[in-house]
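FYI, the numbering just counts along the sequence from 1. Below, each value reflects all heavy atoms present in this structure, side chains not excepted, and no hydrogens, waters or symmetry copies.
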Amino acid sequence: CRHERTAEHRLPWATSGYGGWGGHEYHGTDDGSSVTPVVFVHGNQRDACDWDAHAEFFLNRAFSGDDLWAITFESGSPSHTSMADKLDDFVSEVRAYTDSEQVAVVAHSLGVTGTRYWLLREGRYDWVDACVFMAGANHGSVLNSYAASAGLTGGTYKMSGFLRRDYQSVDGHPLAVLNENETPGRVDYYTLRGTDDPLFWNCADSPALEGAENVLLRTDHDGVRASLTSIERTYEWLTGEKPYNMKTTLRS
């Protein structure tokens, strides 16, 4: 993404510790929010530009510029605590700007557990109407376990301890606390995961959540977010309308 991570010129409010995009001025549409606003949350070493294709797809259908928002965390590999801090501010600003009591959240990879951690820590379930979680390590990953065991807990491996597959063996582990109730609140939960996602080697079902609608796509880690099938499915879940004929997916 060509923008600085904390650049605020694509947002209609002053920021601290994050950037991103959203609003009618940025998207070049009339003002006003016609549906539940959507907040997009990126994954490890990614940014708000990951969601440009989603914005274009949604704008060509039922959404206005004030319906679509994406955050960029200051760090490419933020901690879960930092994600929770910034999401609480970002979503609060979206709600105030759009005069909407609730938002929908669409998150990918590290953004999934970051969103879940924010919702639990702050008790913000009444702020959220629906969550679409893509390729999130909701039950950890073997690769993160290996990294944590090897002492790789900084930089791009900062989340290894949080997302270790053997989290249930650690007393009071935050992922174990998150999974005491995998789909809490009056929130509609949906998950997408891929058949060819190397992050979930030997733990393919990690992204699925009990109580959610869980769908398996024939794609890899980035494809779970960026494929046309994923974008179509997300649009259908958030609007109740099929944009056009859906491609074949696998359900679990």
Side-chain angles (χ1 to χ4, degrees), residues 8 10-42 48 51 54-55 57-73 78 80-108 111-134 136 138 178 180-192 209 211-213 231 233-241 243:
E8 61 184 34
R10 297 182 294 164
L11 289 166
W13 61 78
T15 69
S16 177
Y18 65 85
W21 53 247
H24 66 274
E25 291 185 354
Y26 170 71
H27 291 294
T29 69
D30 293 336
D31 63 350
S33 180
S34 57
V35 298
T36 302
V38 182
V39 172
F40 295 98
V41 185
H42 67 81
W51 306 105
H54 294 72
F57 188 96
F58 282 40
L59 287 168
N60 284 330
R61 289 161 183 81
F63 287 74
S64 71
D66 285 342
D67 299 324
L68 300 170
W69 307 85
I71 189 171
T72 296
F73 298 107
H80 284 77
T81 298
S82 176
M83 284 189 282
D85 291 341
K86 303 313 176 187
L87 279 172
D88 205 54
D89 186 74
F90 190 86
V91 176
S92 178
E93 293 284 1
V94 170
R95 293 173 71 241
Y97 187 85
T98 60
D99 197 29
S100 177
E101 291 186 1
Q102 292 187 307
V103 302
V105 178
V106 178
H108 177 241
V112 172
T113 49
T115 298
R116 294 182 65 207
Y117 183 74
W118 161 65
L119 286 170
L120 177 64
R121 194 191 74 176
E122 300 298 329
R124 299 303 195 195
Y125 300 106
D126 58 335
W127 284 15
V128 177
D129 174 63
C131 289
V132 179
F133 290 151
M134 304 172 173
N138 290 313
L178 275 184
E180 288 176 0
N181 181 355
E182 298 188 7
T183 50
R186 299 182 65 179
V187 180
D188 294 327
Y189 290 92
Y190 308 92
T191 77
L192 294 169
L209 291 171
E213 181 173 347
I231 297 173
R233 180 69 65 178
T234 299
Y235 181 91
E236 180 187 11
W237 278 332
L238 297 185
T239 66
E241 300 175 0

task: Over all heavy atoms of both residues, which pair between A48 and W21 is shortest? Give the atoms and the distance, please.
output: O-NE1, 3.1 Å
- request: Give, for atom NE2 of H27 and atom CG of D66, the distance between the pair rounded to the nearest 0.5 Å.
  value: 8.5 Å
field: Minimum heavy-atom distance between T183 and G211, given as atom pair plus value
entry: OG1-CA, 3.7 Å
query: Do R233 and L192 come close enough that some side-chain heavy atom pair is under 4.5 Å?
result: yes
- request: Test R124 against every option in D89, D129, D88 by the salt bridge (charged side-chain N to carboxylate O under 4.0 Å, His left out) rule and name the one that passes.
  value: D88
- request: Show your reasoning for whether side chain to side chain contact (heavy atoms under 4.5 Å, CB included) applies to Y18 and L87.
  value: CA-CA 9 Å; Y18 65 85; L87 279 172; over 6 Å; no
message: Could you measure the distance from the CG atom of D31 to the CD atom of E25? Nearest 0.5 Å is fine.
response: 9.0 Å
- request: Run the numbers on T98 and V103 for side chain to side chain contact (heavy atoms under 4.5 Å, CB included), then give the verdict.
  value: CA-CA 10 Å; T98 60; V103 302; 5.8 Å; no
- prompt: Just how far is it from atom CZ of R116 to atom CE of M83, taken to the nearest 0.5 Å?
  reply: 12.0 Å
task: Side-chain contact test, heavy atoms from C-beta onward, threshold under 4.5 Å: evaluate it for V132 versus V38 and give yes or no.
output: no
field: Where A130 and L238 come nearest, the two heavy atoms and their spacing
entry: CB-CD2, 4.1 Å
message: Quick one, E241 with Y235, criterion side chain to side chain contact (heavy atoms under 4.5 Å, CB included). Give me CA distance, side-chain angles, the key distance, then yes/no.
response: CA-CA 7 Å; E241 300 175 0; Y235 181 91; 4.0 Å; yes
task: Look only at the side chain of S64 and the backbone of G32, and say whether a donor-acceptor pair between them is shorter than 3.5 Å.
output: yes
query: Is there side-chain contact between D85 and R121, with heavy atoms separated by less than 4.5 Å?
result: yes
query: Would you say E182's side chain and L209's backbone share a donor-acceptor pair under 3.5 angstrom?
result: no
statement: For F57 and I231 the tightest heavy-atom approach is CG-CG2, 3.5 Å
R95 and W127: CA distance, side-chain angles, deciding distance, side chain to side chain contact (heavy atoms under 4.5 Å, CB included) verdict: CA-CA 8 Å; R95 293 173 71 241; W127 284 15; 3.2 Å; yes
field: Heavy-atom side-chain proximity of L119 to V128 below 4.5 angstrom
entry: yes
query: If you look at every heavy atom in D30 and H24, which pair is closest and at what distance?
result: O-CB, 3.4 Å
Heavy-atom side-chain contact between V91 and W118 under 4.5 Å: yes
- request: Would you mind reporting whether L120 and L178 have side-chain heavy atoms less than 4.5 Å apart?
  value: yes
task: Might you point out which heavy atoms bring H80 and T113 nearest each other, and give the distance in Å?
output: NE2-OG1, 2.8 Å
task: Describe, in one word, how the ring planes of W51 and H54 are oriented to each other, choosing from parallel (under 30°), tilted (30 to 60°) and perpendicular (over 60°).
output: perpendicular
task: State whether the number of non-hydrogen atoms from other residues, nucleotides or ligands found under 6.0 Å of D99 atom CG is greater than 12.
output: no
task: Taking atom types as modelled, find out whether D67 and S34 have a side-chain donor-acceptor pair closer than 3.5 angstrom.
output: yes
message: For Y190 and W237, take the angle between the two ring planes, folded into 0 to 90°, and tell me which bin it lands in: parallel under 30, tilted 30 to 60, perpendicular over 60.
response: parallel
- prompt: Who passes ring pair (Phe, Tyr, Trp, His ring centres under 6.0 Å) against F133, sequence neighbours left out?
  reply: none
- prompt: Taking side chain as C-beta onward, heavy atoms only, is T72 less than 4.5 Å from F90?
  reply: no
query: Just checking, R61 and F63: is the charged tip under 6.0 Å from the six-membered ring centre and within 45° of the axis?
result: no
field: ring-ring contact (aromatic ring centres under 6.0 Å, His included) assessment of Y26 paired with W69
entry: CA-CA 10 Å; Y26 170 71; W69 307 85; 9.3 Å; no
